[in-house]
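In what follows, every chain begins at residue 1, and chains take the letters A, B, ... in the order their sequences are listed. Heavy-atom basis, side chains included; hydrogens, waters and symmetry copies ignored.
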Protein chains: 2
Amino acid sequence: MKEPNSPDSPLADLCRQRGLKLTGQRRTIAFVLSDSDDHPDVEELYRRAVEVDPRISIATVYRTVRLFEENGILQRRDFGGGRARYEVADGDHGDHYHLIDADTGKVIEFENAELDALLDGIVRQMGYDLVTTRLSVVGRRKAKPRSRG
Amino acid sequence: MKEPNSPDSPLADLCRQRGLKLTGQRRTIAFVLSDSDDHPDVEELYRRAVEVDPRISIATVYRTVRLFEENGILQRRDFGGGRARYEVADGDHGDHYHLIDADTGKVIEFENAELDALLDGIVRQMGYDLVTTRLSVVGRRKAKPRSRG
DNA sequence: TCTGATAATGAGAAAGATTATCATTTGCAA
DNA sequence: TTGCAAATGATAATCTTTCTCATTATCAGA
């Protein structure tokens, strides 16, 4: 059983800043999210939240994750596999993108300023302001050229 | 009731090329797909297929769409809204991408060679070969600056 | 600190999309 | 034309997510 208490997690603070009622469950979920640097689905978040508060309900995790998304705290991702996955939203700086290993399903994050700018320009030229970018590239590990075989 | 017969649709030919058994239902679905230039979901494909063959089952549409995807004939897309949407896969040339209107949900296709190249380069530099790109940008129509108002 | 209105939660039912089951039918190679 | 493996139709089952509603907790104000 971990310690979600005392100084609130960064996300819990964000939660308060947005004027959301800060319940025990939301504090727990915010803590779990602040503590994660991967892309958990709801089931996985629920598992982690239960470690902190065994009485939390999965319905609450679904609700909270949706609430956080609507408030720009979380971003929903689709990496295939039928369930939504979540990560903490980027700040005002640059977006980040995802490379998915075709064979293992492993998700690798990357940033690229040139890509940011290009996408922004393309969208603008089409008469739109860019709101969100959903980009994931699927790749297959290149066969390592062996050192002479 | 449309005419799916006689000269097979391009997709039906592709189907045969891949060594897939060409049943009446597959011929129908291939025809419907060849005839579509949008991004229908399964429900919509089913509606269109029923126009051609009223006895087709939605289960078959689901099955066929999956089969076609596994064989590189179709691509599955996620534009939000909870259901998968499909379109005929690109050839060997360039991928195409999607701009989604944040307010109307309208999907606008675009191509961009610079983007193709940049993504390819990024992925390569990370040690991978690019398999698929899933890119959709959400944008909001720019307010038209009125001609002096 | 206590109280009450209001909103959040828990548990499970319900909904929506997709896949599996299985008896029947069909495509196609021999 | 025949036979067999594979596909289909109808529907049940599954899986993820949302909804319902009785109970509980938060937080502003007294």
(Q) Listing request: all salt bridge (Lys or Arg N to Asp or Glu O under 4.0 Å) pairs with a residue in residues 55-66 of chain B, at least two apart in sequence or in separate chains. (A) none
(Q) Any salt bridge linking B:E44 with B:R48? Criterion: basic side-chain nitrogen under 4.0 Å from a carboxylate oxygen. (A) yes
**Q.** Distance, rounded to the nearest Å, where A:E44 contributes CD and D:dT17 contributes C1'
**A.** 18 Å
Q.
Expressed as a whole number of angstroms, how long is the span from B:L20:CG to D:dT8:C1'?
A. 16 Å
Q | Rounded interatomic separation in angstrom, taking CD1 from B:I56 and P from D:dT11 | A | 17 Å
Q) Please, which pairs that meet ring-ring contact (aromatic ring centres under 6.0 Å, His included) have at least one residue in residues 64-83 of chain B, sequence neighbours excluded? A) B:H39-B:F79, B:F79-B:H98
Q: With sequence neighbours excluded, tell me which residues meet salt bridge (Lys or Arg N to Asp or Glu O under 4.0 Å) with B:E114.
A: none
(Q) So, OP1 or OP2 of D:dT17: does either fall under 4.0 Å of a side-chain N or O from A:Y62? (A) yes
Q.
Expressed as a whole number of angstroms, how long is the span from A:D53:CG to D:dA25:P?
A. 11 Å
Quick test: give all pairs of protein nitrogen or oxygen and nucleotides 28-30 of chain D nitrogen or oxygen below 3.5 Å, distance rounded to 0.1 Å.
none

Q: Could you tell me the separation between the CZ atom of B:R76 and the P atom of C:dT19, rounded to a whole number of Å?
A: 6 Å
**Q.** Heavy atoms of other groups near A:Q125 CD, more than 12 under 6.0 Å
**A.** no
Q) Roughly, in whole Å, what's the span from CZ in A:F68 to C1' in D:dT17? A) 18 Å
Q | Contacts of type side-chain contact (heavy atoms from CB on, under 4.5 Å), residue A:T133, not counting sequence neighbours | A | A:D95, A:Y97, A:L119, A:L130, A:L135, B:L135, B:V137
Q: Could you check which of D:dT8, C:dT18, C:dA11 has an atom nearest any side-chain atom of A:S57?
A: C:dA11
Q | Under the salt bridge (Lys or Arg N to Asp or Glu O under 4.0 Å) test, residues paired with B:D103 that sit two or more places apart | A | B:R140
Q: Would you mind reading off the distance between B:E43 atom CD and C:dA15 atom P, rounded to a whole angstrom?
A: 16 Å
(Q) I need the full list of side-chain hydrogen bond (donor to acceptor under 3.5 Å, both in side chains) pairs touching residues 11-24 of chain B, with sequence neighbours left out, sorted by first then second residue. (A) B:D8-B:R16, B:D13-B:R16
Q: Quick one: closest heavy-atom pair of B:L99 and B:G139, and the distance?
A: CD1-N, 3.8 Å
Q. Hey, does the side chain of B:R66 come within less than 4.0 Å of C:dA20's phosphate (OP1/OP2), counting only N and O?
A. yes
Q.
Any base atoms under 4.0 Å from B:I58, or only sugar-phosphate, or nothing? Heavy atoms, all strands.
A. nothing
**Q.** Dot-bracket encoding of pairs in DNA chain D, which uses [ ] for pseudoknotted crossings and | for another strand, Watson-Crick or G-U under 3.5 angstrom
**A.** ||||||||||||||||||||||||||||||
Q: Could you tell me whether A:D101 and A:K106 have a side-chain N and a carboxylate O separated by less than 4.0 Å?
A: no
Q | Taking every non-hydrogen atom, the tightest pair across B:L11 and B:L33 | A | CD2-CB, 3.6 Å
Q. Using a heavy-atom distance cut-off of less than 4.0 Å, which residues of residues 78-89 of chain A contact DNA chain D?
A. A:G82, A:R83, A:A84
Q. Among side-chain atoms of B:R27 and B:Q25, is any donor-acceptor pair under 3.5 angstrom?
A. no
Q) Can you tell me how far C1' of C:dG10 sits from CZ of A:R26, to the nearest Å? A) 14 Å
Q. Can you list the residues that meet the ring pair (Phe, Tyr, Trp, His ring centres under 6.0 Å) rule with A:Y128, with sequence neighbours excluded?
A. none
Review item, nucleotides 21-27 of chain C N/O atoms under 3.5 Å of protein N/O:
from   : atom 1 : to    : atom 2 : distance (Å)
C:dT21 : O4     : B:R63 : NH1    : 3.4

Q.
According to salt bridge (Lys or Arg N to Asp or Glu O under 4.0 Å), who are the partners of A:E69, at least two apart in sequence or on a separate chain?
A. A:R76
